[in-house]
Amino acid sequence: MWPDRVEKTKEMRRRQKEGGGKKKVERQHQKGKMTAWERVEFLLDPGTFQPSGSLYETRKDQDSRFGREPYLGDGVLTGWGEINGRPVCVAASEFTVAGGSLGEVQSEKICRIQDLAYERRIPIIFLYDSAGARIEEGILALNGYGKIFRRHVKASGVIPQIAAILGPCSGGACYSGALCDFIFMVKGVSKMCLTGPQVVEAVLGQKITLEELGGSSVHGETSGVAHALYEDEGCCLNGIRKLLGYLPENSGEDAIKRQKERILKLGVPVSRKKLAEEKRTYPPFEELVPANPRSVYDVHKVIGKILGNESFFEIHKHFAPNAVVGLGVFDRRILGIVANQPSHLGGALDCDASDKIARFIRFCDSFGIPLLTLVDVPAFFPGAAQERAGIIRHGAKILYGYAEACVPKVTLILRKAYGGAYIAMNCKTLGADAVYAWPVAEIAVMGAEGAVKIINRKEIQEAQDPGAELERRKREYEDAFSNPFLAARKGAVDEILLPEETIQRLSQTFRLLEGKKADPLLKRHGNMPV
């Protein structure tokens with residue numbers, strides 16, 4: 001009996017690895033895509049993957065009515081393994097089996113691995129390549145998505161949840177990804193849409209390609225659904241491995257004790273001696289940030305100089321580029337960084353930038369990651385289009401996110417900080433633990449030119465030389481209001497820093513705030529503007 005059963009076990013495992021058969025696997029490879037097994041083995045540390053439920057079969061009563069054999073594994077590979085020595089759970093669609101469509105058994109497998117990740121308090125990764133709900137299973141498939149969604153929400157803010165879209169992702173599979181913390185996509189390969197082109201044409205009479213409807217560029221640049229875009233699957237899976245290096249295993253992890261281990265695996269030194277040896281040379285801050293508020297610059301260079309290394313992992317790089325958010329290693333600790341980008345829309349906050357910033361703040365707060373905010377913001381972007389798009393509602397998300405966050409929050413005003421946008425970018429009264437400003441900072445209700453054109457409109461118009469009068473009034477306004485000294489005297493700025501003092505002061509501040517205890521308000525939850 002042993003030999004027969006052993007051979008049968010091996011045969012079933014072989015069939016499960018082959019997915020839908022050699023021809024379908026070949027077609028998958030021709031599209032530049034891996035199978036589920038290939039993806040999981042590429043993603044995880046060699047030899048660590050442990051499949052779970054690999055021999056599950058589709059319910060026979062479901063498939064017999066359609067004249068097909070039950071699917072072994074039911075189109076999804078689930079299990080656990082390690083990434084850089086840390087445990088993770090994984091669920092990977094197998095497109096060569098029924099298009100990776102979700103049925104009752106597949107949902108059971110996914111729910112089981114979600115439960116394991118939640119109970120063990122370890123990250124979970126979803127690799128999607130799925131046509132959505134399996135039509136022939138009807139309500140059973142739809143109910144399966146409901147069970148999966150509920151577990152996503154239960155795990156949100158407890159364990160990191162990361163989704164990679166590695167092919168088509170239709171219907172309910174889209175919302176499974178959308179309920180994760182991060183979504184990664186592959187350029188030209190990933191497709192994500194609730195309703196396909198055929199449905200759009202039938203209902204709206206519009207012809208549109210799948211790429212135009214939900215391709216990687218749509219979600220990476222326009223909708224903001226995707227947090228990162230990659231050239232191919234290998235780069236995408238390596239991106240997930242890298243991102244996990246910045247994240248704790250769960251919200252309860254002692255981040256201070258485990259950070260050293262994670263930072264070493266990111267390739268950043270943790271000893272002060274080695275940090276000094278590895279310190280890169282950057283131009284002075286005065287060269288990176290022009291004093292003229294109308295001059296543009298790239299805030300990435302400021303971030304690079306502050307970190308002193310190449311560790312910055314940008315999130316939503318291609319979406320709402322007037323704001324920059326991401327994770328980096330600073331003085332042996334992992335920080336979340338939020339910054340205005342003067343090279344796009346002058347760094348003004350619009351609806352998309354507001355959503356991008358608010359989402360990132362709340363993620364960092366969920367997992368105990370301190371926040372550094374770099375401010376150079378002229379305003380919330382004005383105009384009828386933004387007002388109609390709900391800039392008030394979207395901007396309120398940033399206010400809510402910063403005010404709610406309990407992690408250490410430090411703000412550095414680089415240059416402009418005007419009006420409501422100054423408040424939104426983590427001002428002192430909104431809850432910042434420390435607010436610093438450079439001497440060239442301008443903190444006011446609005447810029448000097450706009451202010452005097454309103455306040456001194458009559459005097460400027462009646463002057464013999466309106467241009468000269470405008471310049472004179474601007475200088476008066478800047479001396480009286482548009483500088484950091486008044487803000488410092490009134491307690492809105494803790495200290496005005498010289499550029500060369502900045503890095504050391506930030507380091508000492510975050511060290512002081514390490515282990516900060518701030519209890520959230522005792523309530524079920526607030527009603528965040530969404």
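Residue numbers count from 1 along this sequence.
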Problem - R121 side chain to V158 backbone, donor-acceptor under 3.5 Å - result: no
Practice task
Considering non-hydrogen atoms only, spot the tightest contact between V435 and K428 and give its length.
Solution key: CG2-N, 3.7 Å
Handout entry: Donor-acceptor pair, side chain of R262 and main chain of L244, under 3.5 angstrom
Key = no
Completion exercise
Between L166 and V189 the two heavy atoms that sit nearest each other are O-CG1, 3.8 Å
Handout entry: Backbone N/O of E82 and side chain of T48: donor-acceptor pair under 3.5 Å
Key = yes
Problem - Which residues share a salt bridge (charged side-chain N to carboxylate O under 4.0 Å, His left out) with R241, sequence neighbours left out - result: D45
Exercise for the section: Would you please say whether a donor-acceptor pair under 3.5 Å links the side chains of Y297 and D376? Expected result: yes
Practice task
Quick one: pull up CD1 in I503 and CG in D331 and give me the separation to the nearest 0.5 Å.
Solution key: 10.0 Å
Problem - Considering all heavy atoms, the nearest A424-L399 contact - result: CA-CD2, 3.5 Å
Practice task
Please confirm whether F126 and H152 have ring centers closer than 6.0 angstrom.
Solution key: yes
Practice task
Anything under 30° is parallel, anything over 60° is perpendicular, the rest tilted; go ahead and classify F184 against Y230.
Solution key: tilted
Practice task
Mind listing the closest non-hydrogen atom pair of S251 and G157 along with its distance?
Solution key: CB-O, 3.2 Å
Practice task
Please confirm whether the backbone N or O of G167 pairs with a side-chain atom of K33, one donor and one acceptor, at under 3.5 Å?
Solution key: no
Practice task
Decide whether a cation-pi geometry holds between K154 and Y118; the criteria are a distance under 6.0 Å from NZ or CZ to the six-membered ring centre and an angle within 45° of the ring axis.
Solution key: yes
Handout entry: Closest non-hydrogen atom pair, M425 against L374
Key = CE-O, 4.3 Å
Practice task
Would you list the pairs meeting ring-ring contact (aromatic ring centres under 6.0 Å, His included) in which at least one residue belongs to residues 429-467, sequence neighbours left out?
Solution key: F285-W438
Exercise for the section: Test I391 against C351 for side chain to side chain contact (heavy atoms under 4.5 Å, CB included), laying out the working first. Expected result: CA-CA 5 Å; I391 186 62; C351 292; 4.0 Å; yes
Handout entry: Contact summary for S216 and L229, nearest pair of heavy atoms
Key = O-CD2, 3.6 Å
Problem - Atom pair CD1/CG of I357 and L349 - distance to nearest 0.5 Å - result: 5.0 Å
Exercise for the section: Kindly state each residue pair satisfying salt bridge (charged side-chain N to carboxylate O under 4.0 Å, His left out) with at least one member in residues 180-192, sequence neighbours excluded. Expected result: K187-E231, K191-E211
Handout entry: Side-chain (Q341) to main-chain (V299) donor-acceptor, under 3.5 angstrom
Key = yes
Handout entry: M528 side chain reached by E404 side chain, heavy atoms, under 4.5 Å
Key = no
Practice task
Applying salt bridge (Lys or Arg N to Asp or Glu O under 4.0 Å), run through E287 and K305 and close with a yes or a no.
Solution key: CA-CA 12 Å; E287 293 182 19; K305 181 172 176 61; over 6 Å; no
Exercise for the section: Compare all side-chain heavy atoms of H300 with those of E314 and state whether any distance is below 4.5 angstrom. Expected result: yes
Exercise for the section: Decide yes or no for V186 and I165: does some side-chain heavy atom of the first lie under 4.5 Å from some side-chain heavy atom of the second? Expected result: no
Problem - Contacts of R388 that satisfy side-chain contact (heavy atoms from CB on, under 4.5 Å) - sequence neighbours left out - result: A384
Practice task
For the pair E501 (side chain) and L497 (backbone), establish whether a donor and an acceptor sit closer than 3.5 Å, ignoring hydrogens and angles.
Solution key: no
Handout entry: Check: S507/R511 side-chain N/O donor and acceptor closer than 3.5 Å
Key = yes
Handout entry: Nearest-0.5 Å distance that lies between atom CD1 in I263 and atom CD1 in I334
Key = 5.0 Å
Exercise for the section: For K397, enumerate each residue passing the salt bridge (charged side-chain N to carboxylate O under 4.0 Å, His left out) test, keeping only those at least two apart in sequence or located in another chain. Expected result: D355
Handout entry: ring-ring contact (aromatic ring centres under 6.0 Å, His included) partners of F42, counting only residues at least two apart
Key = none
Practice task
Verify, without hydrogens or angle tests, whether Q386 (side chain) and G383 (backbone) share a donor-acceptor contact under 3.5 angstrom.
Solution key: no
Practice task
Quick one: list whatever passes salt bridge (charged side-chain N to carboxylate O under 4.0 Å, His left out) with E442, sequence neighbours left out.
Solution key: none
Exercise for the section: Measure the shortest side-chain to side-chain distance between L414 and N340 over non-hydrogen atoms and say whether it is less than 4.5 angstrom. Expected result: no
Handout entry: Any donor-acceptor N/O pair, N250 side chain to I159 backbone, under 3.5 Å
Key = no
Exercise for the section: Answer whether the closest heavy-atom distance between the side chains of P370 and E514 falls below 4.5 Å. Expected result: no
Exercise for the section: Go through the steps to decide whether T509 and D433 satisfy the test side chain to side chain contact (heavy atoms under 4.5 Å, CB included), and finish with yes or no. Expected result: CA-CA 9 Å; T509 303; D433 296 296; over 6 Å; no
Problem - With sequence neighbours excluded, residues passing salt bridge (charged side-chain N to carboxylate O under 4.0 Å, His left out) with E471 - result: K474
Problem - salt bridge (charged side-chain N to carboxylate O under 4.0 Å, His left out): pairs with one or both residues in residues 315-325, sequence neighbours excluded - result: none
Exercise for the section: Answer yes or no: is there a donor N or O on one side and an acceptor on the other, between the side chain of H316 and the main chain of V325, under 3.5 Å? Expected result: no
Practice task
Please tell me if the side chains of F182 and P160 come closer than 4.5 Å, counting only heavy atoms from C-beta onward.
Solution key: no
Problem - R86/E261 under salt bridge (Lys or Arg N to Asp or Glu O under 4.0 Å): CA gap, chis, key distance, verdict - result: CA-CA 10 Å; R86 298 170 61 201; E261 174 188 335; 5.3 Å; no
Problem - Close side-chain approach of L371 and N426, heavy atoms under 4.5 Å - result: no
Practice task
Check for a donor-acceptor pair, side chain of D365 on one end and backbone N or O of V407 on the other, with a separation under 3.5 Å.
Solution key: yes
Problem - Crowding at OH, Y175 (>12 non-hydrogen neighbours, <6.0 Å) - result: no
Practice task
Would you list the pairs meeting ring-ring contact (aromatic ring centres under 6.0 Å, His included) in which at least one residue belongs to residues 489-519, sequence neighbours left out?
Solution key: none
Practice task
May I have the step-by-step check of side chain to side chain contact (heavy atoms under 4.5 Å, CB included) for L43 and F49, ending in yes or no?
Solution key: CA-CA 10 Å; L43 174 68; F49 179 55; over 6 Å; no
Practice task
Give every residue pair that meets the ring-ring contact (aromatic ring centres under 6.0 Å, His included) criterion with at least one member in residues 393-427, sequence neighbours excluded.
Solution key: none
Exercise for the section: Start with the C-alpha gap between R457 and R473, add the side-chain angles, then the distance that decides, and say whether side chain to side chain contact (heavy atoms under 4.5 Å, CB included) holds. Expected result: CA-CA 10 Å; R457 179 174 58 88; R473 296 286 183 173; over 6 Å; no
Practice task
Scan I303, V268, L307 and name whichever one has a side-chain contact (heavy atoms from CB on, under 4.5 Å) with F330.
Solution key: L307
Problem - I306 side chain near L372 side chain, heavy-atom distance below 4.5 Å - result: yes
Exercise for the section: Count the heavy atoms belonging to other residues, nucleotides or ligands that lie under 6.0 Å from CD1 of I392, then report whether that count exceeds 12. Expected result: no
Handout entry: Set of side chain to side chain donor-acceptor pair (under 3.5 Å) partners for H219, sequence neighbours left out
Key = S223
